[in-house]
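See structure below.
Nothing here was measured: the structure is a model prediction, and the numbers come from that model. Numbered from 1 within each chain, the chains take letters A, B, ... in sequence-line order.
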2 protein chains.
Amino acid sequence: MARRSQTEMAVLGALSMQPMTAYALREAIRDVLGNFWSESFGQIYPTLQALERQGHVERREGPRAGSSTFAITAPGTARLHDLLNEPITTTPSRNGLLLRLFFGRTLGPARCRELILQARADAERSLADYEELARTVAAEDAGSPDLPYIMTTISAGRHNAQSLIAWTDEALTLLDGAS
Amino acid sequence: MARRSQTEMAVLGALSMQPMTAYALREAIRDVLGNFWSESFGQIYPTLQALERQGHVERREGPRAGSSTFAITAPGTARLHDLLNEPITTTPSRNGLLLRLFFGRTLGPARCRELILQARADAERSLADYEELARTVAAEDAGSPDLPYIMTTISAGRHNAQSLIAWTDEALTLLDGAS
DNA sequence: ACGAGCATGTAAGACGTTACATGATTAG
DNA sequence: CTAATCATGTAACGTCTTACATGCTCGT
């Protein structure tokens, strides 16, 4: 699946929950999907225009002069359904931390430990964030049919953060034998 | 840090372990760093040429007529050191599975479960691979000064696969309340 | 009146992948 | 001798980010 389709999927998905302006869409993608998805500003507008041309979204009068609210149409919902059912395309991973650790002999053990401790601190903060997010969302969206689905994505973040923390501990132990 | 610098880091890092041809470099990046890094073919050659111009790598006679072996130079080692010490730039994550699950109400619970089970199977295979890799590398590179560093990256893969498996179980439970 | 935040868009350029084109060497 | 693999490179194309340019609206 081309990257463009993935952007369409995110945009249509967001609009399927609520009609909004392009600006709000950008913020929703950043703030709501941000933990596992991203779209840059320069992608959202052209995609929205393409979707409008294809009749997948509808432009309505916005909250201000010169602004528009976009709403998903029936064909747009069908298109979203199709996109969601397409096979998942995985983007090749690029983990700067692991790349540095792999060349740790050149980088030096002290700096490696620093990087790992930094990662641990980040993961701990992230874990706390996910736990608070889980509480907030469970309370705010109680009873929403979207809730269980949203919770699976938050759960993924929590598990990932936890595994990162566990890994840093093991990594530090592994490096003890190295210095 | 520009993406180009990251490519340089991977290339110089690989050459710091062993001089090799561009072709071997490509395979090494795919097969050895592949679990956490990737460079496409079209990036490696231009980067290598740039590094040669800058005197960071040296072109020597290769194993065949018309082929070259590249070796890192002293300035190249210094450059690698600098690159490794630059702050880590994280590429924004794009997780197609989580994006689909977030819009799971539209996708439908049955298909969501399928996707999660697929992810579980992948993670289990991946976990087995990492465990075998850990055994192989520990045996083959026993005593190498690089071993502990390499093991931290394998450990990261293992922890990640484990957390993915644990997450899928929780996600399935969460969705039981949804259908 | 003015600054912060809402709102829309374009354009340049960097980044990255893929397909193509070509040839040498070696194993069977 | 011929197919597979080693080996080198280019060109076209698509993707993505960043910076820029513009204007409205609301609170103070």
Side-chain angles (χ1 to χ4, degrees), chain A residues 1-11 14-15 18-31 33-34 37-53 57-71 89-96 99, chain B residues 1-11 14-15 18-31 33-34 37-53 57-71 89-96 99:
Chain A
M1 179 165 41
R3 180 69 178 70
R4 168 54 68 88
S5 312
Q6 305 240 98
T7 302
E8 288 189 5
M9 180 162 67
V11 167
L15 291 179
Q18 245 204 80
M20 48 188 137
T21 65
Y23 186 89
L25 190 56
R26 168 207 198 186
E27 303 221 306
I29 289 177
R30 192 189 52 204
D31 299 341
L33 307 181
W37 201 260
S38 89
E39 292 298 342
S40 77
F41 195 43
Q43 299 281 102
I44 292 176
Y45 275 92
T47 298
L48 222 30
Q49 285 163 6
L51 287 171
E52 193 189 5
R53 267 199 314 278
V57 304
E58 212 177 65
R59 190 187 289 257
R60 296 176 185 165
E61 214 168 290
R64 295 187 183 186
S67 79
S68 323
T69 294
F70 293 90
T89 53
T90 51
T91 26
S93 59
R94 289 201 182 99
N95 187 320
L99 188 63
Chain B
M1 178 165 40
R3 178 70 177 67
R4 169 54 67 89
S5 312
Q6 304 239 101
T7 300
E8 288 189 4
M9 181 160 66
V11 167
L15 290 180
Q18 247 205 83
M20 48 189 138
T21 65
Y23 185 88
L25 191 55
R26 169 209 197 183
E27 303 221 307
I29 289 177
R30 192 189 53 203
D31 300 340
L33 308 181
W37 201 260
S38 88
E39 291 299 342
S40 77
F41 195 44
Q43 298 281 102
I44 293 176
Y45 276 90
T47 298
L48 224 30
Q49 285 163 6
L51 287 171
E52 193 189 6
R53 267 198 314 279
V57 303
E58 212 177 66
R59 190 187 288 256
R60 296 177 186 164
E61 215 168 290
R64 294 186 183 189
S67 80
S68 321
T69 294
F70 292 90
T89 52
T90 51
T91 25
S93 59
R94 291 202 180 99
N95 187 320
L99 187 63

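When the side-chain contact (heavy atoms from CB on, under 4.5 Å) test is applied to P63(A), the partners found at least two apart in sequence or on another chain are T21(A), S67(A), T69(A). With sequence neighbours excluded, no residue forms a salt bridge (charged side-chain N to carboxylate O under 4.0 Å, His left out) with R64(A). Taking S68(B) as the reference, R59(B), F70(B) meet the side-chain contact (heavy atoms from CB on, under 4.5 Å) condition, with sequence neighbours excluded. In this structure Q18(A) satisfies the side-chain contact (heavy atoms from CB on, under 4.5 Å) test with no other residue, sequence neighbours excluded. Shown here are the salt bridge (charged side-chain N to carboxylate O under 4.0 Å, His left out) partners of R60(B), two or more places apart in sequence or in another chain: E58(B).
The interatomic distance linking I44(A) (CD1) with dT15(D) (P) rounds to 16 Å, in whole Å. Atoms CZ (R64(A)) and P (dT8(C)) sit 9 Å apart, rounded to a whole Å. Atom CG of L48(A) is separated from atom C1' of dT10(C) by 15 Å (rounded to the nearest Å). Between the CG atom of L25(B) and the P atom of dA7(D) there is a distance of 12 Å, rounded to whole Å. In this structure, Q43(B) places its CD atom 9 Å from P of dC15(C), rounding to the nearest Å. Atom CZ of R94(B) is separated from atom C1' of dT15(D) by 9 Å (rounded to the nearest Å). Rounded to whole Å, the distance from CD1 on I29(B) to P on dT17(C) is 11 Å.
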Pairwise N/O distances under 3.5 Å, protein to nucleotides 8-10 of chain D:
unit_1: dT8(D); atom_1: OP1; unit_2: S68(B); atom_2: N; d: 3.0
unit_1: dT8(D); atom_1: OP1; unit_2: S68(B); atom_2: O; d: 3.2
unit_1: dT8(D); atom_1: OP2; unit_2: A22(B); atom_2: N; d: 3.2
unit_1: dT8(D); atom_1: OP2; unit_2: Y23(B); atom_2: N; d: 3.0
unit_1: dT8(D); atom_1: OP2; unit_2: Y45(B); atom_2: OH; d: 3.3
unit_1: dT8(D); atom_1: O5'; unit_2: Y45(B); atom_2: OH; d: 3.4

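Side-chain atoms of P92(A) lie closest to dT17(C) of the nucleotides dA7(D), dT17(C), dT25(D).
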